[in-house]
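Structure record follows, encoded as structure tokens.
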Amino acid sequence: MRIKRVAAVAAVAALALGLTACGGDDGGEGTGADSKSFAAGTTMEKLNKAQKIKVGTKIDQPGFGQKGLSGKPEGFDVEIAKMIVEKLGIPEDKIEWVETPSKVREDVIVNGTVDLVAATYTINDKRKERIAFAGPYYEAGQNIMVKKDDTTITGPDSFKDGTKKVCSATGSTPIEEIKKYVKDVATQVVPFDTYDKCRDALKSGQVDALTTDNVILLGYIAKDEASFKMAGDNFTKEPYGIGVKKEDTDFRNFINDVLEQSFSDGSWKKAWDETAGKFGATLGEAPNLNRY
Ligand code: GLU
């Protein structure tokens, strides 16, 4: 059943690409493919007709979504989003990238500020009350980053004595998780809207640790190995999904098809190797998509 479905998806995708190649393509790579056709009334048709799309992502997380010298974000999330956009038949330069810090992600999906969010976005039931997720396309895990010379923090239990301050992003799963370990939330848990602010606060000694997903921390460590290190093992599972409107099952299914194809045709691994894979995290096997 599953194998048949994969084959069917691959065949449909191959057909779409074939049509593009015959459809007056001027030969330019990555110029988009407006000759695709989608069922009337779907988000895919609407976006393809409009020939533009708004994508929410992070811009301060090396390896996943970080603003590059071009002014555009770069990273694994960005590459995954580009794959989806390409299959919608929209040229890459018609993507409007919108910075979506952790706490605004559900809001910008619900109110239509963006068409999808690819932003180290953990799939969970609470978030599914307001939005829907395609994926997962990666599984991260929460960890802790400390100053290179710190020997006092070795894991989340190190916050139990009430003396250490830990920073994380408002609206994230790690900030909620770490509250279970600290003695006093008000004095020990320091919230910022973005993780780069936490990193700066750690570097300047205003806080003792930064907690979020291992892959985000590995990006910061890779950029500043003299200052930071990881303080232990992952202590949660953070499966990353693409956020879309809750009721938009067709669009969610379409994105799952794109992800499934990328798992099997090598583009998912290639995207990883060129981005976050450079910073020491492992990709592992392609996750099982949760097609609910
Ligand atoms: N994956 C976690 C979350 O979705 C942490 C990373 C982030 O805040 O983007 O909350």
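Remember, it's 1-based here, ligands and their atoms both numbered in the order they're listed. Throughout, residue positions are numbered sequentially from 1 according to the sequence presented.
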Could Lys128 and Tyr292 be counted as a cation-pi pair, given that NZ or CZ must be under 6.0 Å from the ring centre and within 45° of the axis?
yes
Would you call Arg127 a ligand 1 contact, heavy-atom distance under 4.0 Å?
yes
Qualifying ring-ring contact (aromatic ring centres under 6.0 Å, His included) pairs, either residue in residues 112-134, two or more places apart
Tyr121-Phe133
Quick one: does ligand 1 sit under 4.0 Å from the side chain of Ala169, the backbone, both or neither, non-hydrogen atoms only?
neither
Report the part of Ala140 in contact with ligand 1, treating N, CA, C, O as backbone and CB onward as side chain, heavy atoms under 4.0 Å; options are side chain, backbone, both, neither.
neither
Contacting atoms of ligand 1, where contact means under 4.0 angstrom from a heavy atom of Tyr240:
1 (N)
Under 4.0 Å from any heavy atom of Lys58, which atoms of ligand 1 are there?
7 (C), 8 (O), 9 (O)
Atoms in ligand 1 flagged as close to Thr212, the criterion being non-hydrogen separation under 4.0 Å:
5 (C), 6 (C)
Just to verify, what does Phe254 make a ring-ring contact (aromatic ring centres under 6.0 Å, His included) with, not counting sequence neighbours?
Phe38
Heavy-atom distances under 4.0 Å are what count here, so tell me which part of Gln142 touches ligand 1: side chain, backbone, both or neither.
neither
Closest protein heavy atom (residue, atom, distance) for atom 5 (C) of ligand 1:
Asp213 OD2, 3.3 Å
Indicate the ring-plane relationship of Phe64 and Phe76, choosing parallel, tilted or perpendicular according to the 30° and 60° boundaries.
perpendicular
